[in-house]
Every structure is written in structure tokens, then in C-alpha cells.
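Heads up: the structure comes next, in C-alpha cells.
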Amino acid sequence: MARRITWFSLLALVLFLSACSSNSNDGGSASSGSPAGSSSSEASPSPGDPTQADFSEPVKLKLVFYTGQSKRMAELAGNELKDLVKKEINAELEFVYLPWSEYGGGKTDLMLSSGEEFAAYTDINYMSKSVSKGLYADLTPYVDAYAPDLKSNVAAASFDAFKLNGKQYAIPVGNRASSAAFYSAMVRQDLLEEVGMTSIGSLADLEQYYDKVHAKYPDMIGFASTDATYMLMYEYTDKNLNWINNFIAVNEADQDDKLISWYESPEFKKYADLMNGWYKKGIIPKYAVTNQPQLMSDWNAGKAMFFPGTATRPIEGIAGITKAVPTAKLQNYFLSKNDRPKISRGTYNTAYFVSANAKHPERYVAFFNLLQKNQELYDLFTYGIKDKDYTLDENGRVTKLTSDLFFDDWMMMNDKFMRFEKSVPDDFIEQYKHWDDDAILSKTAGFNFDNTAVKNEESKLNGVFTELVAPIASGFVEYDSHFLKTLQKLKEAGLDKYIAEYQKQFSAWYASKAQ
């Protein structure tokens, strides 16, 4: 599940009202500063003024999430949350739950292209593709007026990350340490200690850990994923690589604008050979070729040994695993990182887009504002109802009284509001507080690619990636016997033109930053 710069200035009046109404940790009135609260008593809004929308009429907002809905979340949605959203923004929420396989494509693409009205998560690459097709609403006119608290509690650079041509196409949520996301190996520490080891510092250590646990528990799988591009990076190169997308990388150690065609690089061959070795050895299970969702199921069931890590994944993921294995512990380890600084993309967790056909985009933005408005609402969305779903001790540590999830922890986490459970060790909290100490902001942070000139090439390249590149990158087939044909197909799909267009835009943007 880390890491940006400037944003539009608020009008003096909005700044004043925001400062008066929002104290992020005082647990103040949930309804303070609500746009809906003033709709009935103030003058009628000016026709066509997006900052003066009429909240007097109730609307329905459809929110798409890529996970299942727990029983308690359903109860909360039908009662306390329903009442809150009605009071705050005069809206009713409809929740739609899709599997993660539909994120960034699949059913989400179908819903967008068919003109459905909804909001969902996005990332920068999916945003760029969707905006070029006219599928996302421009939210620029609504942010200052309807998300003042969110703007106060989420870094301005995070908003910049989701702009294209100066327009805001997604609203970021979250503010936390998250550099080096997926560059660490998150290990079952309880298993590590059970087989007589205490820590991991290299690929050799990780494979020794697998061998020892496999000897004791032969039915357990090793790696619960098919992508270790980031996690193994420190092992297969002395560069400090970061990836813009599947096809393009940069060396963050170099102060230049050079892009790397990832699949044509010698580093990709080294990586693919490592993954193929894991597949042959059984560290990546054979079933992963046809049933990748089972990997996550096995991880959550406590049947896997390690997984790509982030700063907060050990506490995000432990709740699910301890249902199956109450004694489970998770710990992050970097493999041969040495003194290379962590790379940060920004401090946001995710961002929400609103589909282009939404009749009330301002009401969606007002809802996003509630997610990070103050401590009171943060606790509601994340933990549920106090003394029913959770309790707090005198130090603000939380004890969950239900294992049911509400809004996902990883999505909500904000250093201004997040609470640690009593079970989280003090040393982990201390580690988390200093996670970003050696982080550098990626030189790509804030760059957004306009794919208009290479839309067809991008579509063809994605097809080649799914069919031919992914099996090599996942280790399912050998690089030496499959790559030449794959590279030929990439070239035929327009790889050179795509890389050249990316380089042209990135170089221009990079040069403009130095001015």
C-alpha cells in the first residue's frame, strides 16, 4: 500500500471558514462546515456557479469498492452511516462491490464506457487512459468549495499528482508514510522464528527461510504473488529503479530525464530469470498460472510465507491472517538494500474519480471530504461505532471488538488520525514513524502522461503484455526461449513510438521544473 507540491489557493473566506470549522484531532462536530447545512438558510445559489450547488434536493451516490462487504459494514451503511450522510450532504449511498480483478479495467471499464454514474478508486495510469477517452469528470470546480477539510488533511502534492493539464480528475485520500511500497518482503515472522531464524537481509536468507518452512510445512506456498519486480530490485541491480508503468522505468540515482525501456533492459532478464527459478523451485506455486486469485486467498488463510510489503502492511494485513492463525506476526525486510534511499511517490493512499456522466459531481466530492474531515468521522469510517465495534484506552490505542471490516484501513490511513491497536508492538510504531526518514521524492512525481498520440499503440502493447510479457515476468516460462518472439511483438505493437512519445513529454516536463 508512500510520497508532492502546490494547489489552487483557497479564497480568503473559504480559508477562514475551514480554519474555524476543522480541527483535525478534536473530534468536533461532524456537521461543522457542511455544505448541506447552509443550503436552506442562505441565498439561492447563482445559476451555473459550481461552487454554489443546491444541496436541498436529496441525491443517490454510487460507490464502487474492490472488496467484499462485511456484515457489520452493511449494518452501518443502513443505519448510522446512512443518517450521517443524509445529515451532512443530503445524499444516499449505494455500495457496489467488485473483485480486485475488475479494478483498472474489466467491469470498471464497462461501467465507464456505458455511461454509468459512479465513483471508484483510480491510479495515475488508469486516470490518464480514462481521461483521454472522456470518461472521468473534471472535479476542479468543486474541490475548494466542497473538500476544504480534505485539502487541509491531505498533502497538496497528492492533489497535484492527480491533475492532467491543470485539471483535477481524481481526489486523493490518505496521508501516511509510504515510500518504498512493495520494495520490501513482508514475512511471517512467527514462522521465521519457528524455524530458528531471526531476520532476513538478502535473497539467500529469504530462500533459506522458504526451504526451512517448506520442510516443516510442505503444503504451504512460498510467495503469495506473481510480481516481485520491486521486492527483488535491490538484488538484481545496483541501480535504484522505479517504474512509471509496466513498460518504463527510471533510475532514481541519476539526476537526469532518461527513461528506461524496461523489457529491453538487462535488468529485466535478470529479474525474469530469478522469477523462473522461483517457479521451478515451487516458491511460486504451479496453480498461479491459471488461478492467481488463490494466492491472496492462501495468504489470508495463513498458508503462505511472504508477500510484497509496505510501511503499513504488517498492521493492515494481520487482522485477516490472525483469524486463521491467531499467533501470526508480520515483519518487513529489505533484501540487500544497503544505503540506497527509499523512493517516494507521495503520501496518498488512493484517489477517487467520478464518472463523466455524474449529475452531481460536487456531492461526490463533498462525500470524499467526509472521509478525512476530522477524528470523529475517521473513526466511524474506519472502526465503526465506539464501544460497539471498538474501544479506546487512555493513550488512544484502539481495540477492535469485531473482525468485520468497514472502510479499508489501507485506504483511510492518515497520520493525523490513524490509531494503532493495542497489539501493535511499540517498536513497530517507532519504525513506522521513521519509515520515510531516508526517502527521496521520485523525479517522476507529478508527471502525468497524455497518451492521445499513442492511444492505439498503448492498447496493442497492453494486449502483448497480457499474452506474452506477463508469463515471462511471472516466471511461468523461460526468458531465453520466449523473449525474442515477445520483443518482436512489442516492436510490432509500437513500443519504440510509445517510448519516444513518453520520453518527449517527460523531458519537456522535467526541463520545465528546472526553470
Side-chain angles (χ1 to χ4, degrees), residues 100-106 108-109 123-126 128-130 181-183 223-233 235-237 239 241-251 258-281 283-296 307-308 444 449 451 453-503 506:
W100 271 109
S101 57
E102 305 301 322
Y103 170 79
T108 309
D109 269 356
D123 55 50
I124 291 172
N125 289 325
Y126 190 49
S128 298
K129 296 174 188 176
S130 300
F182 317 121
Y183 284 80
F223 186 44
S225 178
T226 59
D227 186 357
T229 312
Y230 295 80
M231 193 180 83
L232 295 178
M233 187 273 291
E235 290 283 350
Y236 60 73
T237 182
K239 297 175 181 176
L241 295 179
N242 188 23
W243 285 261
I244 293 179
N245 60 28
N246 286 332
F247 303 95
I248 300 173
V250 295
N251 183 9
K258 182 181 178 182
L259 301 183
I260 299 168
S261 179
W262 170 232
Y263 298 123
E264 297 181 271
S265 70
E267 288 83 8
F268 176 68
K269 173 175 168 47
K270 292 177 183 177
Y271 166 69
D273 287 344
L274 281 173
M275 292 296 280
N276 186 240
W278 275 12
Y279 181 68
K280 289 177 177 177
K281 187 173 181 176
I283 294 176
I284 299 172
K286 297 298 186 287
Y287 73 66
V289 177
T290 57
N291 189 11
Q292 291 188 25
Q294 185 61 38
L295 293 167
M296 182 55 67
F307 191 69
T444 68
F449 180 61
N451 73 346
V454 288
K455 218 183 295 189
N456 291 336
E457 288 78 9
E458 186 173 69
S459 178
K460 292 176 183 177
L461 287 168
N462 286 330
V464 176
F465 171 82
T466 301
E467 180 185 356
L468 298 173
V469 179
I472 299 173
S474 299
F476 301 154
V477 299
E478 293 183 350
Y479 176 97
D480 289 338
S481 57
H482 288 78
F483 185 70
L484 285 181
K485 174 188 173 184
T486 299
L487 181 59
Q488 179 184 348
K489 292 294 184 182
L490 287 169
K491 296 288 188 179
E492 291 172 358
L495 179 65
D496 292 339
K497 181 180 177 181
Y498 180 75
I499 298 290
E501 180 63 24
Y502 232 109
Q503 183 69 71
F506 182 71

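Predicted model, so just to flag it, every value in this text is computed and none were measured.
- Counting only N and O atoms by type, the side chains of Asp123 and Tyr103 include a donor and acceptor under 3.5 Å apart.
- Within the model, atoms CE of Met296 and CZ of Phe307 stand 3.0 Å from one another, a figure rounded to the nearest 0.5 Å.
- For the residue pair Asn245 and Ile248, the shortest heavy atom distance occurs at OD1-N, 3.0 Å.
- Proximity of Leu295 to Tyr287: side-chain heavy atoms (C-beta onward) are separated by under 4.5 Å at one or more points.
- Here CD1 of Ile260 is found 4.5 Å from NZ of Lys239. Values are rounded to the nearest 0.5 Å.
- Summarising the local packing, NZ of Lys455 is surrounded by more than 12 heavy atoms from other residues, nucleotides or ligands at distances under 6.0 Å.
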Verdict with reasoning, Ile499 to Trp262, per side chain to side chain contact (heavy atoms under 4.5 Å, CB included): CA-CA 10 Å; Ile499 298 290; Trp262 170 232; over 6 Å; no

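- Looking at Leu259 and Val250, their side chains come closer than 4.5 Å, going by heavy atoms from C-beta outward.
- Using a 4.5 Å heavy-atom cutoff, the side chains of Ile472 and Phe268 are in contact.
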As a quick check of understanding, evaluate side chain to side chain contact (heavy atoms under 4.5 Å, CB included) for Thr444 and Trp243, giving each step before the final call. CA-CA 9 Å; Thr444 68; Trp243 285 261; over 6 Å; no

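- The backbone N or O of Asn456 lies less than 3.5 Å from no partner atom in the side chain of Ser459, so there is not a single donor-acceptor pair.
- In this structure, Lys269 places its NZ atom where more than 12 heavy-atom neighbours from other residues, nucleotides or ligands lie under 6.0 Å away.
- Across every non-hydrogen atom of Asn246 and Tyr263, the tightest pair is O-OH, 2.9 Å.
- Residues Leu232 and Trp278 have side chains in contact (heavy-atom distance under 4.5 Å, counting atoms from C-beta outward).
- Distance CZ/Phe223 to OG/Ser474: 9.5 Å, rounded to 0.5 Å.
- Interatomic distance, CE of Met233 versus CD of Glu267, reported as 10.5 Å (0.5 Å rounding).
- Between Val477 and Pro471 there is a side-chain heavy-atom pair separated by less than 4.5 Å.
- With values rounded to the nearest 0.5 angstrom, Leu468 atom CG is found 7.5 Å from Lys489 atom NZ.
- Salt bridge annotation for Glu458-Lys129: absent, with no cationic side-chain nitrogen under 4.0 angstrom from a carboxylate oxygen.
- Looking at Lys258 and Asn251, their side chains never come closer than 4.5 Å, going by heavy atoms from C-beta outward.
- Going from atom CG of Leu241 over to atom OH of Tyr236 covers 6.0 Å, rounded to the nearest 0.5 Å.
- Between Met275 and Ala473, the closest heavy-atom pair is CG-O, 3.6 Å.
- Within the 4.5 Å cutoff, side-chain heavy atoms of Leu495 are placed close to those of Glu264.
- By the side chain to side chain donor-acceptor pair (under 3.5 Å) test, Lys280 is found to be paired with Asn276, Glu478, residues two or more places apart in sequence or in another chain being considered.
- Counting all heavy atoms, side chain and backbone alike, Thr486 lies closest to Val464 at O-CG1, 4.3 Å.
- Residues Phe506 and Tyr502 keep their aromatic ring centres 6.0 Å or farther apart.
- Scanning both residues, Phe476 and Gln292, for their nearest heavy atoms gives CE1-NE2, 4.0 Å.
- Side chain to side chain, Ser225 and Asp227 fail the donor-acceptor criterion of an N or O pair below 3.5 Å.
- Nearest heavy-atom pair, Thr229 versus Tyr271, reported as atom, atom and distance to 0.1 Å: N-OH, 3.3 Å.
- Ring-plane geometry between Phe247 and Tyr498 is classed as perpendicular, the angle between the planes exceeding 60 degrees on a 0 to 90 degree scale with a lower cut at 30.
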